[in-house]
Every structure is written in C-alpha cells, then in structure tokens.
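What follows is a single structure, written as structure tokens, with notes after it.
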Amino acid sequence: MLERYGHGGDLRTAAALYGRPAEAFVDFSSNMNPWGPPEGARAAMLRAWERIDAYPDPAARTLRGALAEKHGVPIEAIWVGNGAAEAIDLALRALRPTIAAVAAPGFAEYETAVEHAGGTTRPITLRPDDDFRLRAEDVRAAAEEGADAIVLGHPNNPTGQPLAQDVVEAALEAFRGVVIDEAFLDFSPEEESLTLVRRAAERPGLFVTRSLTKFYAIPGLRLGYVVAHPDGIARIRALAVPWSANGIALEVGAAVLADRDFAERTQRWLPPERERLSARLTALGLRVFPSAANFLLARLPEGAKAGELQTALGREGVLVRSGSTFRALEKDAYIRLAVKKRDANERLLEVMAAYLATAREASAR
Ligand SMILES: Cc1ncc(COP(=O)(O)O)c(C=O)c1O
C-alpha cells in the first residue's frame with residue numbers, strides 16, 4: 001500500500017512498490033503547488049546558509065511580522081513552527097479537549113493530535129449525497145452528545161469543501177475549543193473572506209492553523225503557524241520545543257510570503273485548471289466532488305477499484321491517493337488527486353483511461 005505511513009507523497013515507498021527511482025514519478029498523491037517553490041526561495045536558503053552557525057531567532061520575529069501584516073493581526077497572535085502538523089498538535093495540547101469532534105472523512109492527524117493531547121475523538125460522518133458538506137445541525141449534535149472541542153479542515157481534506165458560515169458560527173457557539181486547519185485555504189481566490197484568522201486573534205479558544213508547505217511547495221523545509229488570541233499563543237509557546245522552525249525555513253518563509261505575484265498567479269491558475277480536470281474525469285465516468293482546494297476527491301465508476309488503479313498507475317509512474325485510508329469513505333471506491341500542470345494532468349488522464357478500459361472489460365466478462 002502506497003500510504004504505508006498514512007500520507008500521500010511517499011516517493012520512497014512508491015519506488016519500492018513499483019520498481020522505479022523515486023524521482024521518476026508524477027505525484028498526484030500529495031497536493032503541492034506545481035508552480036512552486038517561488039523564485040526567491042533558493043536565494044533565501046543560501047542567505048540563511050551564510051548564518052547557519054548561529055541559532056535562528058527564537059521568536060521568529062521577521063516571519064511573524066510579515067504574517068501579522070498579511071493577515072492584519074497583531075504579531076502576538078502568531079506562533080511559527082515546524083509545519084501545520086506541529087501547529088495542529090500544539091493547538092490541541094494547548095486546548096486539552098476531553099472529546100473533540102472531527103469530520104469523517106478528514107485529515108487523520110487531527111485524531112492523532114487529539115489523542116496526543118489526552119482526549120478522544122467523536123466522528124461526524126459526512127455523506128456523498130450531500131457532496132460531503134458538514135452541516136451546522138451535526139456540529140451542534142456533537143456538542144450535545146458531550147464533545148467539548150472540534151477540529152475542522154477549511155477546506156477539508158480529502159473532500160475539498162470549505163466550511164459554510166453557519167457551520168463556523170455553530171462551532172464557535174457550541175464548543176469551548178475550536179481548531180480550524182486552513183492548510184489549503186491560500187489556494188482559494190476567496191481566501192480573504194473565508195479565513196478565520198482575524199477572529200482567532202481576538203477570540204480565546206479559537207485556534208487557526210496554516211501551512212506554507214503546500215502553497216509554496218516547500219514541504220521538505222517544514223513551515224506552518226498558528227493564529228490565536230495572544231493568551232492561547234502564550235500557552236503554545238510554553239508547550240513548544242524552542243527553535244522549532246529552523247533558520248533556513250524562517251528565511252525562505254519571509255521571502256516567499258513577499259512574492260505577491262506568485263500568490264496571485266496561483267489563485268488565478270487553479271480554478272479553471274481544476275474545472276477542466278474535473279470535467280475530463282467526469283467524462284471518464286468518475287463522480288468528482290466540488291472542491292475549493294488544489295485537489296479533487298472522486299468516486300470511481302462501477303467495476304473499478306482504487307487499490308487496483310493505484311497499482312496500475314504506479315507501474316506507469318503516476319501516483320494517486322487511494323481513499324481507502326480515510327475513515328468513512330467506502331473502501332476501494334474513492335481516489336484523491338492533486339491538480340497539477342496541464343501536461344501532467346494529461347498524462348494522468350491517459351493512464352487512467354487505460355486502466356478504466358481494462359476494468360470495464362474485466363467486469364463485462
Ligand atoms: C489538511 C492538512 N493539514 C495539515 C497538513 C500538514 O501540513 P504541513 O506540511 O504544513 O505540516 C497536511 C499535510 O498533508 C494536510 O493535508
């Protein structure tokens with residue numbers, strides 16, 4: 001199984017499974033911006049290298065200052081660390097929920113983080129007939145049944161659905177602790193109106209986590225942050241390991257954030273390319289769900305199996321994420337795909353069409 005360690009983008013496992021070098025795959029199983037990293041990242045990395053014999057700024061002031069300006073929040077409302085994965089983990093340790101509601105399917109690390117913080121999770125099942133939308137009444141019901149916190153993706157992974165306004169309000173009303181993971185929100189041209197960072201800076205108990213690794217395509221560097229009320233940030237700081245964001249990541253982070261052009265180009269590129277890929281997959285017989293992110297969740301046509309498809313494509317050097325490792329998705333029926341550049345998307349469609357033709361023939365026999 002490609003998701004041996006629970007995530008997409010595991011090129012080393014792919015190499016072992018499909019007998020090709022790790023760099024020979026076109027990877028649709030993890031969701032990086034195909035236009036990144038931005039131009040300035042390499043020079044920033046080399047600048048940081050010149051100071052590699054000194055500790056990084058323990059308060060990450062330059063990057064936090066740039067993020068504070070971007071979001072219009074005070075610098076005291078921001079904590080920077082080693083990827084959104086660490087940000088989520090620390091937000092939950094700061095909140096210490098007893099029972100945290102999570103959407104299913106959702107990003108598996110939310111459950112792990114709740115458990116690390118000493119709590120248990122209560123899944124809220126999302127349904128395909130509803131396009132996997134989370135409903136405000138289900139959020140309220142989770143609180144009535146004893147959950148004291150909620151952790152939600154905005155947009156959610158793997159479904160790509162952003163949170164509706166009434167769901168946000170229901171969550172803020174019903175729970176003492178709310179963690180909203182906006183790891184993919186910067187891909188949306190509506191980022192400004194959808195983000196909860198400004199509310200998080202003012203409202204104790206609301207923690208927003210963000211990532212720089214997806215949008216700027218620097219997952220190898222690891223860089224993410226939390227926006228919360230300064231009291232919540234102080235709790236996170238007390239729990240965190242010092243210098244968790246390294247000097248190279250801090251310098252690159254500030255450089256890529258300054259590249260407004262890169263951000264605008266990405267936000268302009270994504271919606272039409274996503275629509276095109278979605279339409280082409282639909283024409284191949286898949287049911288593609290609406291997405292505000294740079295990935296698509298799709299249900300395979302009758303007779304096709306996600307595990308089989310993953311293997312068939314893997315052997316052709318194309319990696320896709322099977323839905324089978326996500327809780328509450330019917331086994332072997334779903335895949336998740338990144339939206340990549342046009343030629344890569346064409347290659348995906350080509351190998352997918354070939355597999356689906358074989359699967360159709362096999363099921364007709
Ligand atoms: C929904 C979601 N949140 C957070 C993360 C973690 O991102 P980072 O690389 O910043 O740790 C991921 C990574 O796959 C993700 O899918």
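Whatever order the structure lists ligands and atoms in, that order sets their numbers, starting from 1. These values consider heavy atoms only, across backbone and side chains, with no hydrogens, waters or symmetry-generated copies. Remember, it's a predicted structure, so these values are computed and weren't measured experimentally.
- The contact set between ligand 1 and A183, taken as ligand atoms under 4.0 Å from a residue heavy atom, comprises 2 (C), 3 (N), 4 (C).
- The side chain of Y110, and not its backbone, has at least one atom closer than 4.0 Å to an atom of ligand 1 (non-hydrogen atoms only; side chain from C-beta on).
- The atoms of ligand 1 that sit less than 4.0 Å from any heavy atom of G83 are 10 (O), 11 (O).
- Contact between R222 and ligand 1 is present, with at least one heavy atom of the residue lying under 4.0 Å from the ligand.
- A donor-acceptor pair shorter than 3.5 Å can be found between the side chains of E86 and S244.
- Proximity of G224 to ligand 1 is not established, as no heavy-atom distance is less than 4.0 Å.
- Below 30°, between 30° and 60°, or above 60°: for F289 and Y334 the angle between ring planes is between 30° and 60°, a tilted geometry.
- Atom CZ of R287 has more than 12 neighbouring heavy atoms from other residues, nucleotides or ligands inside a 6.0 Å radius.
- Looking at L223, D181, N156, L212, it is D181 that brings a heavy atom closest to atom 3 (N) of ligand 1.
- Comparing F295, Y225, F107, F215 against atom 12 (C) of ligand 1, the shortest heavy-atom distance belongs to F107.
- Side chain of K340 to main chain of M32: no donor-acceptor pair is present (N/O by atom type, distance under 3.5 Å, no hydrogens or angles).
- Judged purely by distance below 3.5 Å, without hydrogens or angles, the side chains of E182 and T195 pair a donor atom with an acceptor atom.
- Nearest-residue assignment for atom 8 (P) of ligand 1 (options G220, A84, P158; heavy-atom criterion): A84.
- In terms of protein heavy-atom proximity, atom 16 (O) of ligand 1 is closest to N157 ND2, 2.9 Å.
- Near T213, the atoms of ligand 1 lying under 4.0 angstrom from a non-hydrogen atom of the residue are 8 (P), 9 (O), 10 (O).
- Cation-pi geometry between R336 and F295 is met: the NZ or CZ atom falls under 6.0 Å from the ring centre, inside 45° of the normal.
- Heavy atoms of K214 found under 4.0 angstrom from ligand 1 belong exclusively to the side chain.
- Side chain to side chain, Q310 and E3 meet the donor-acceptor criterion of an N or O pair below 3.5 Å.
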| query | E273 and K341: salt bridge (charged side-chain N to carboxylate O under 4.0 Å, His left out), yes or no, with the steps? | reply | CA-CA 8 Å; E273 194 60 36; K341 287 187 190 172; over 6 Å; no
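- Any N or O atom pair closer than 3.5 Å counts here, and H7 shares no such pair with ligand 1.
- Using bins of under 30°, 30° to 60° and over 60° for the plane-to-plane angle, the ring pair H7/F107 lands in the tilted bin.
- By the criterion of a heavy-atom distance under 4.0 Å, both the backbone and the side chain of A85 are placed next to ligand 1.
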